[in-house]
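Contents: one structure, followed by commentary.
Counting starts at 1 for both ligands and their atoms, in listed order. Nothing here was measured: the structure is a model prediction, and the numbers come from that model.
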Amino acid sequence: MKNCRVCGGVIATPAYETPAPALTSIMTFLDIPTRVFICDGCGHAQCDDIPDIQAFYDTGYRISLNSDNHDQIFAVKPDGSVIYRTDHQTDISLRLLDLPAGATLLDYGAAKADTLRKMTVVRPDLKAHVFDVSADYQAAWQGWVPADAQAIYNAPESWKGFFDAAMSHFVIEHVADPVGFIRDIGALLRPGGLLLLSLPNVSANPGDMTVADHLNHFSHASVRYAAAAAGFTLKTIDDTSFPGAFFAVAEKCAVPVALFEDREAVAEAVARAREICDFWTKATLHLDDAARRLSGKRAAIYGAGAYGSWICSRIGEHVAVTAFLDQNPGLQNTEHFGHPVIAPAALAHDAEALFIGLNPLKARAAIGSMPYLQRPGLELVWLEA
Ligand SMILES: [Zn+2]
(Lines give C-alpha, C1' and ligand atoms only; values in the text may rest on other atoms or scores of the structure.)
Protein backbone atom coordinates (compact mmCIF):
# COMPACT_ATOMS: atom_id res chain seq x y z
CA MET A 1 0.00 0.00 0.00
CA LYS A 2 1.20 3.51 -0.89
CA ASN A 3 0.01 7.06 -0.50
CA CYS A 4 -0.24 9.23 -3.59
CA ARG A 5 2.57 11.79 -3.75
CA VAL A 6 0.12 14.39 -5.05
CA CYS A 7 -3.26 13.98 -3.30
CA GLY A 8 -2.27 11.63 -0.45
CA GLY A 9 -4.90 9.05 -1.44
CA VAL A 10 -4.27 5.37 -0.76
CA ILE A 11 -3.10 3.16 -3.65
CA ALA A 12 -3.52 -0.50 -2.78
CA THR A 13 -1.45 -2.39 -5.37
CA PRO A 14 1.09 -1.63 -8.10
CA ALA A 15 -0.14 -1.56 -11.70
CA TYR A 16 3.29 -2.60 -12.98
CA GLU A 17 6.03 -4.52 -11.22
CA THR A 18 9.28 -6.02 -12.49
CA PRO A 19 12.34 -7.27 -10.58
CA ALA A 20 15.71 -5.44 -10.29
CA PRO A 21 17.65 -3.94 -11.96
CA ALA A 22 15.81 -0.66 -12.48
CA LEU A 23 16.95 1.77 -15.19
CA THR A 24 17.57 5.43 -14.28
CA SER A 25 17.22 8.50 -16.50
CA ILE A 26 21.03 8.74 -16.74
CA MET A 27 21.28 5.17 -18.06
CA THR A 28 22.57 3.57 -14.89
CA PHE A 29 20.97 0.70 -13.00
CA LEU A 30 19.72 0.55 -9.42
CA ASP A 31 19.39 -2.71 -7.54
CA ILE A 32 15.69 -2.23 -6.83
CA PRO A 33 12.52 -3.53 -8.44
CA THR A 34 10.50 -1.15 -10.63
CA ARG A 35 6.96 -0.63 -9.37
CA VAL A 36 4.36 1.81 -10.68
CA PHE A 37 1.33 2.87 -8.63
CA ILE A 38 -1.66 4.70 -10.14
CA CYS A 39 -3.90 6.98 -8.06
CA ASP A 40 -7.64 6.77 -8.75
CA GLY A 41 -8.12 9.98 -6.74
CA CYS A 42 -6.12 12.45 -8.87
CA GLY A 43 -4.83 10.53 -11.92
CA HIS A 44 -1.17 10.52 -10.83
CA ALA A 45 1.24 7.65 -11.45
CA GLN A 46 4.34 7.16 -9.35
CA CYS A 47 7.32 4.89 -8.72
CA ASP A 48 8.85 3.83 -5.40
CA ASP A 49 11.39 6.05 -3.65
CA ILE A 50 14.95 5.34 -4.73
CA PRO A 51 17.53 4.56 -2.02
CA ASP A 52 19.56 7.51 -0.66
CA ILE A 53 17.94 10.06 -2.93
CA GLN A 54 19.95 13.04 -1.56
CA ALA A 55 23.32 11.46 -2.40
CA PHE A 56 22.06 10.39 -5.84
CA TYR A 57 21.44 14.02 -6.84
CA ASP A 58 24.27 15.67 -4.88
CA THR A 59 27.09 13.58 -6.24
CA GLY A 60 25.70 10.84 -8.46
CA TYR A 61 23.67 12.74 -11.01
CA ARG A 62 26.06 14.50 -13.35
CA ILE A 63 23.97 15.00 -16.42
CA SER A 64 25.63 17.08 -19.13
CA LEU A 65 28.56 17.96 -16.88
CA ASN A 66 31.33 16.27 -18.79
CA SER A 67 31.37 18.44 -21.86
CA ASP A 68 30.44 22.03 -22.55
CA ASN A 69 29.18 21.04 -25.94
CA HIS A 70 27.10 18.09 -24.87
CA ASP A 71 23.46 18.88 -25.45
CA GLN A 72 20.70 16.52 -26.36
CA ILE A 73 19.45 16.79 -29.91
CA PHE A 74 15.80 17.79 -30.07
CA ALA A 75 15.29 17.48 -33.82
CA VAL A 76 17.20 17.20 -37.08
CA LYS A 77 16.01 19.60 -39.78
CA PRO A 78 15.62 18.48 -43.43
CA ASP A 79 18.88 20.28 -44.31
CA GLY A 80 20.69 18.14 -41.72
CA SER A 81 21.23 20.89 -39.15
CA VAL A 82 20.22 20.06 -35.59
CA ILE A 83 18.02 21.83 -33.05
CA TYR A 84 19.38 21.35 -29.54
CA ARG A 85 17.13 20.67 -26.62
CA THR A 86 18.16 23.70 -24.54
CA ASP A 87 17.67 26.07 -27.49
CA HIS A 88 14.17 24.74 -27.94
CA GLN A 89 13.49 24.98 -24.18
CA THR A 90 14.73 28.56 -24.27
CA ASP A 91 12.27 29.56 -27.01
CA ILE A 92 9.32 27.89 -25.29
CA SER A 93 10.20 29.39 -21.89
CA LEU A 94 10.50 32.93 -23.23
CA ARG A 95 7.21 32.60 -25.08
CA LEU A 96 5.18 31.03 -22.27
CA LEU A 97 6.49 33.28 -19.47
CA ASP A 98 6.37 36.46 -21.60
CA LEU A 99 8.09 38.42 -18.81
CA PRO A 100 8.10 42.23 -18.52
CA ALA A 101 11.38 44.18 -18.79
CA GLY A 102 13.71 43.79 -15.82
CA ALA A 103 11.82 40.86 -14.27
CA THR A 104 13.55 38.75 -11.61
CA LEU A 105 13.71 35.10 -12.72
CA LEU A 106 14.85 32.10 -10.69
CA ASP A 107 15.96 28.79 -12.24
CA TYR A 108 15.09 26.30 -9.48
CA GLY A 109 17.00 23.01 -9.68
CA ALA A 110 19.04 24.77 -12.31
CA ALA A 111 21.93 22.32 -12.90
CA LYS A 112 24.15 24.13 -15.43
CA ALA A 113 21.27 26.54 -16.13
CA ASP A 114 21.88 26.42 -19.90
CA THR A 115 18.28 27.37 -20.66
CA LEU A 116 18.43 30.40 -18.34
CA ARG A 117 21.77 31.49 -19.81
CA LYS A 118 20.37 31.33 -23.32
CA MET A 119 17.26 33.25 -22.22
CA THR A 120 19.46 36.06 -20.87
CA VAL A 121 21.29 36.26 -24.20
CA VAL A 122 17.97 37.04 -25.89
CA ARG A 123 16.69 39.08 -22.91
CA PRO A 124 19.68 40.70 -21.14
CA ASP A 125 17.24 42.76 -19.04
CA LEU A 126 16.14 39.68 -17.07
CA LYS A 127 17.69 39.37 -13.60
CA ALA A 128 18.85 35.74 -13.56
CA HIS A 129 19.11 33.74 -10.32
CA VAL A 130 19.97 30.06 -9.82
CA PHE A 131 19.30 27.46 -7.14
CA ASP A 132 20.34 23.81 -6.98
CA VAL A 133 20.67 20.99 -4.44
CA SER A 134 24.14 20.13 -5.72
CA ALA A 135 27.40 22.08 -5.61
CA ASP A 136 28.55 20.42 -8.85
CA TYR A 137 27.30 23.18 -11.11
CA GLN A 138 28.85 26.32 -9.59
CA ALA A 139 31.60 26.55 -12.18
CA ALA A 140 28.97 26.67 -14.94
CA TRP A 141 27.33 29.72 -13.32
CA GLN A 142 30.49 31.82 -12.91
CA GLY A 143 30.83 34.79 -15.18
CA TRP A 144 27.16 35.33 -15.91
CA VAL A 145 25.23 34.85 -12.63
CA PRO A 146 26.25 37.32 -9.87
CA ALA A 147 27.44 35.59 -6.66
CA ASP A 148 24.49 36.92 -4.65
CA ALA A 149 22.12 35.49 -7.27
CA GLN A 150 23.40 31.91 -6.69
CA ALA A 151 22.19 29.56 -3.95
CA ILE A 152 23.04 25.93 -3.15
CA TYR A 153 21.13 23.57 -0.81
CA ASN A 154 19.01 26.37 0.79
CA ALA A 155 17.51 29.55 -0.64
CA PRO A 156 18.48 32.68 1.38
CA GLU A 157 15.89 34.42 3.57
CA SER A 158 16.06 37.52 1.35
CA TRP A 159 14.61 35.54 -1.58
CA LYS A 160 11.24 34.97 0.17
CA GLY A 161 8.46 36.53 -1.90
CA PHE A 162 11.11 38.19 -4.08
CA PHE A 163 10.75 36.76 -7.59
CA ASP A 164 8.50 37.77 -10.46
CA ALA A 165 8.93 34.32 -11.97
CA ALA A 166 10.56 30.96 -11.43
CA MET A 167 11.11 28.01 -13.70
CA SER A 168 12.14 24.43 -13.15
CA HIS A 169 13.04 22.26 -16.10
CA PHE A 170 12.68 18.50 -15.80
CA VAL A 171 13.12 18.40 -12.01
CA ILE A 172 9.67 17.79 -10.50
CA GLU A 173 9.48 14.24 -11.91
CA HIS A 174 12.41 13.38 -9.59
CA VAL A 175 11.11 14.69 -6.27
CA ALA A 176 9.43 12.59 -3.59
CA ASP A 177 7.05 15.40 -2.54
CA PRO A 178 6.02 17.35 -5.66
CA VAL A 179 3.40 19.49 -3.88
CA GLY A 180 5.98 20.51 -1.25
CA PHE A 181 8.41 21.23 -4.09
CA ILE A 182 5.97 23.63 -5.79
CA ARG A 183 5.10 25.19 -2.41
CA ASP A 184 8.81 25.80 -1.71
CA ILE A 185 9.14 27.62 -5.05
CA GLY A 186 5.92 29.50 -4.30
CA ALA A 187 7.46 30.86 -1.08
CA LEU A 188 10.08 32.61 -3.22
CA LEU A 189 7.54 34.20 -5.60
CA ARG A 190 5.56 37.37 -5.08
CA PRO A 191 1.76 37.01 -5.21
CA GLY A 192 0.85 36.88 -8.90
CA GLY A 193 4.33 35.56 -9.74
CA LEU A 194 4.60 32.92 -12.45
CA LEU A 195 5.98 29.39 -12.29
CA LEU A 196 7.00 27.51 -15.42
CA LEU A 197 7.46 23.76 -15.05
CA SER A 198 8.65 21.37 -17.72
CA LEU A 199 8.22 17.67 -17.13
CA PRO A 200 7.89 14.39 -19.03
CA ASN A 201 4.52 13.53 -20.55
CA VAL A 202 4.31 9.79 -20.02
CA SER A 203 1.20 9.55 -22.13
CA ALA A 204 3.18 10.65 -25.20
CA ASN A 205 6.38 8.83 -24.22
CA PRO A 206 5.39 5.59 -22.45
CA GLY A 207 9.01 4.67 -21.69
CA ASP A 208 9.01 7.31 -18.97
CA MET A 209 6.82 5.02 -16.86
CA THR A 210 9.70 2.61 -16.20
CA VAL A 211 12.42 5.19 -15.39
CA ALA A 212 13.24 4.52 -11.74
CA ASP A 213 14.33 8.01 -10.68
CA HIS A 214 11.24 9.54 -12.24
CA LEU A 215 9.23 9.09 -9.08
CA ASN A 216 6.35 11.04 -10.65
CA HIS A 217 4.54 10.41 -13.92
CA PHE A 218 2.15 13.32 -14.20
CA SER A 219 -1.10 13.54 -16.15
CA HIS A 220 -2.89 16.77 -17.00
CA ALA A 221 -5.18 16.04 -14.05
CA SER A 222 -2.41 15.48 -11.51
CA VAL A 223 -0.44 18.56 -12.67
CA ARG A 224 -3.56 20.63 -12.05
CA TYR A 225 -4.16 19.02 -8.67
CA ALA A 226 -0.54 19.54 -7.55
CA ALA A 227 -0.51 23.20 -8.61
CA ALA A 228 -3.75 23.93 -6.75
CA ALA A 229 -2.63 22.07 -3.62
CA ALA A 230 0.53 24.21 -3.56
CA GLY A 231 -1.38 27.50 -3.92
CA PHE A 232 -1.19 28.07 -7.67
CA THR A 233 -3.78 28.39 -10.40
CA LEU A 234 -2.76 26.69 -13.59
CA LYS A 235 -2.88 29.01 -16.58
CA THR A 236 -1.52 26.84 -19.42
CA ILE A 237 -0.44 23.30 -20.16
CA ASP A 238 1.43 23.13 -23.45
CA ASP A 239 1.84 19.49 -24.49
CA THR A 240 2.61 20.06 -28.15
CA SER A 241 5.67 22.34 -28.35
CA PHE A 242 8.03 19.74 -26.93
CA PRO A 243 7.05 16.18 -27.92
CA GLY A 244 7.05 13.89 -24.91
CA ALA A 245 6.87 16.75 -22.40
CA PHE A 246 4.50 19.17 -20.71
CA PHE A 247 5.27 22.84 -20.19
CA ALA A 248 2.93 24.19 -17.50
CA VAL A 249 2.56 27.81 -16.39
CA ALA A 250 0.92 28.54 -13.04
CA GLU A 251 0.29 31.74 -11.10
CA LYS A 252 0.91 32.06 -7.38
CA CYS A 253 -2.25 33.06 -5.56
CA ALA A 254 -2.45 35.15 -2.42
CA VAL A 255 -5.37 33.04 -1.15
CA PRO A 256 -5.84 29.22 -1.02
CA VAL A 257 -6.91 27.66 -4.32
CA ALA A 258 -9.83 25.23 -4.66
CA LEU A 259 -8.51 21.72 -5.41
CA PHE A 260 -8.88 20.40 -8.93
CA GLU A 261 -11.69 17.87 -9.06
CA ASP A 262 -12.67 16.87 -12.57
CA ARG A 263 -13.71 13.22 -12.32
CA GLU A 264 -13.74 12.76 -16.07
CA ALA A 265 -10.18 14.06 -16.49
CA VAL A 266 -9.00 11.85 -13.62
CA ALA A 267 -10.71 8.75 -15.04
CA GLU A 268 -9.12 9.41 -18.42
CA ALA A 269 -5.66 9.79 -16.83
CA VAL A 270 -6.08 6.58 -14.82
CA ALA A 271 -7.16 4.63 -17.90
CA ARG A 272 -4.17 5.87 -19.93
CA ALA A 273 -1.68 5.09 -17.12
CA ARG A 274 -3.11 1.56 -16.78
CA GLU A 275 -2.84 1.06 -20.53
CA ILE A 276 0.85 2.02 -20.40
CA CYS A 277 1.53 -0.27 -17.44
CA ASP A 278 -0.18 -3.14 -19.29
CA PHE A 279 1.98 -2.37 -22.31
CA TRP A 280 5.14 -2.74 -20.22
CA THR A 281 3.95 -5.90 -18.51
CA LYS A 282 3.38 -7.48 -21.93
CA ALA A 283 6.59 -6.02 -23.40
CA THR A 284 8.64 -7.52 -20.56
CA LEU A 285 7.23 -11.01 -21.20
CA HIS A 286 7.51 -10.64 -24.96
CA LEU A 287 11.12 -9.51 -24.76
CA ASP A 288 12.08 -12.33 -22.39
CA ASP A 289 10.53 -14.81 -24.85
CA ALA A 290 12.31 -13.26 -27.83
CA ALA A 291 15.65 -13.24 -26.01
CA ARG A 292 15.34 -16.95 -25.22
CA ARG A 293 14.21 -17.79 -28.73
CA LEU A 294 17.10 -15.84 -30.29
CA SER A 295 19.62 -17.18 -27.79
CA GLY A 296 23.17 -17.16 -29.17
CA LYS A 297 22.24 -15.12 -32.28
CA ARG A 298 23.98 -11.91 -33.32
CA ALA A 299 21.67 -9.04 -32.43
CA ALA A 300 21.81 -5.26 -32.39
CA ILE A 301 19.61 -2.77 -30.57
CA TYR A 302 18.16 0.25 -32.37
CA GLY A 303 18.35 3.28 -30.02
CA ALA A 304 20.95 4.06 -27.34
CA GLY A 305 18.43 5.98 -25.22
CA ALA A 306 16.10 4.81 -22.47
CA TYR A 307 14.22 2.21 -24.51
CA GLY A 308 17.35 0.62 -25.96
CA SER A 309 19.08 0.61 -22.57
CA TRP A 310 16.08 -1.09 -21.01
CA ILE A 311 16.08 -3.73 -23.76
CA CYS A 312 19.81 -4.32 -23.26
CA SER A 313 19.24 -4.96 -19.54
CA ARG A 314 16.58 -7.59 -20.38
CA ILE A 315 18.21 -9.52 -23.23
CA GLY A 316 21.98 -9.26 -22.61
CA GLU A 317 22.19 -12.62 -20.81
CA HIS A 318 20.79 -14.58 -23.75
CA VAL A 319 21.61 -12.71 -26.91
CA ALA A 320 25.04 -11.67 -28.20
CA VAL A 321 24.54 -7.89 -28.49
CA THR A 322 26.94 -6.62 -31.15
CA ALA A 323 26.04 -2.91 -31.32
CA PHE A 324 23.60 -0.12 -30.62
CA LEU A 325 22.35 1.76 -33.68
CA ASP A 326 21.58 5.44 -33.20
CA GLN A 327 21.01 8.40 -35.52
CA ASN A 328 22.43 10.88 -33.01
CA PRO A 329 25.89 11.80 -34.35
CA GLY A 330 26.90 12.76 -30.78
CA LEU A 331 26.48 9.15 -29.67
CA GLN A 332 28.02 7.42 -32.69
CA ASN A 333 31.55 6.09 -32.16
CA THR A 334 30.99 5.94 -28.39
CA GLU A 335 30.29 2.86 -26.26
CA HIS A 336 27.09 2.08 -24.42
CA PHE A 337 27.17 -0.70 -21.80
CA GLY A 338 30.37 -1.92 -23.46
CA HIS A 339 28.86 -2.14 -26.97
CA PRO A 340 29.77 0.19 -29.85
CA VAL A 341 27.19 2.79 -30.94
CA ILE A 342 27.09 3.03 -34.74
CA ALA A 343 25.01 4.71 -37.46
CA PRO A 344 21.95 2.63 -38.43
CA ALA A 345 23.20 2.14 -42.00
CA ALA A 346 26.43 0.63 -40.62
CA LEU A 347 24.68 -2.44 -39.19
CA ALA A 348 26.77 -5.52 -40.02
CA HIS A 349 25.40 -7.72 -42.80
CA ASP A 350 25.54 -10.82 -40.65
CA ALA A 351 23.29 -9.38 -37.90
CA GLU A 352 20.35 -11.75 -37.34
CA ALA A 353 18.05 -9.72 -35.13
CA LEU A 354 17.39 -6.06 -34.41
CA PHE A 355 15.59 -5.10 -31.21
CA ILE A 356 13.75 -1.80 -31.67
CA GLY A 357 14.34 0.51 -28.69
CA LEU A 358 12.23 3.49 -29.72
CA ASN A 359 9.09 5.17 -28.44
CA PRO A 360 6.43 2.58 -29.44
CA LEU A 361 4.15 5.40 -30.64
CA LYS A 362 6.75 6.31 -33.28
CA ALA A 363 8.87 3.20 -33.77
CA ARG A 364 7.22 1.60 -36.81
CA ALA A 365 7.19 4.79 -38.86
CA ALA A 366 10.82 5.53 -37.97
CA ILE A 367 12.15 2.05 -38.79
CA GLY A 368 9.91 1.79 -41.87
CA SER A 369 11.67 4.83 -43.34
CA MET A 370 15.04 3.03 -43.32
CA PRO A 371 15.09 0.58 -46.25
CA TYR A 372 18.51 -0.81 -45.29
CA LEU A 373 16.93 -2.30 -42.16
CA GLN A 374 14.33 -4.29 -44.13
CA ARG A 375 16.21 -7.29 -45.38
CA PRO A 376 15.86 -11.07 -45.44
CA GLY A 377 17.60 -12.75 -42.52
CA LEU A 378 17.23 -9.74 -40.21
CA GLU A 379 14.38 -10.21 -37.75
CA LEU A 380 12.94 -7.01 -36.30
CA VAL A 381 11.85 -7.44 -32.68
CA TRP A 382 9.37 -4.81 -31.49
CA LEU A 383 8.54 -3.97 -27.89
CA GLU A 384 4.93 -4.91 -28.47
CA ALA A 385 4.15 -8.50 -29.34
ZN1 LIG B 1 -3.52 11.13 -6.08
Side-chain angles (χ1 to χ4, degrees), residues 1-18 22 25 32-50 53 109 168 170-186 195-239 244-253 256-281:
M1 194 189 80
K2 289 274 166 184
N3 283 96
C4 174
R5 297 183 193 278
V6 170
C7 75
V10 170
I11 313 173
T13 53
Y16 173 71
E17 185 164 16
T18 196
S25 59
I32 55 167
T34 308
R35 299 197 301 170
V36 178
F37 295 82
I38 299 168
C39 177
D40 291 325
C42 71
H44 195 57
Q46 63 188 43
C47 289
D48 284 314
D49 288 342
I50 59 173
I53 192 167
S168 184
F170 299 102
V171 177
I172 196 168
E173 65 270 26
H174 297 275
V175 305
D177 173 14
V179 175
F181 175 82
I182 300 175
R183 201 176 282 132
D184 287 348
I185 301 177
L195 169 61
L196 171 70
L197 293 172
S198 60
L199 58 152
N201 177 1
V202 69
S203 178
N205 183 23
D208 189 70
M209 198 66 101
T210 62
V211 174
D213 55 317
H214 288 183
L215 307 187
N216 299 292
H217 310 287
F218 280 93
S219 61
H220 278 247
S222 67
V223 169
R224 285 186 183 276
Y225 192 104
F232 283 79
T233 47
L234 201 74
K235 297 177 77 75
T236 313
I237 296 184
D238 179 336
D239 62 4
F246 293 125
F247 278 67
V249 180
E251 181 178 326
K252 188 197 172 183
C253 293
V257 180
L259 291 179
F260 175 74
E261 295 193 32
D262 176 340
R263 298 315 310 167
E264 206 174 307
V266 170
E268 198 179 299
V270 168
R272 178 62 184 140
R274 289 202 181 283
E275 189 182 1
I276 293 168
C277 286
D278 289 346
F279 169 85
W280 283 110
T281 302

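Shown here is E268, whose CD atom has no more than 12 heavy atoms of other residues, nucleotides or ligands within 6.0 Å.
Contact of the F218 side chain with the V202 side chain is not registered, since no non-hydrogen atoms from C-beta on lie closer than 4.5 Å.
The Zn ion (ligand 1) has C4 SG, C7 SG, C39 SG, C42 SG as its protein N, O or S neighbours under 2.8 Å.
Between G41 and R263, the shortest heavy-atom contact is O-NH1, 3.2 Å. Nearest heavy-atom pair across I185 and S168 is CD1-CB, 4.4 Å.
In this structure, R5 pairs ionically with D49, as a charged nitrogen and a carboxylate oxygen lie closer than 4.0 Å.
Residues passing the ring-ring contact (aromatic ring centres under 6.0 Å, His included) test with F279: none are found, sequence neighbours excluded.
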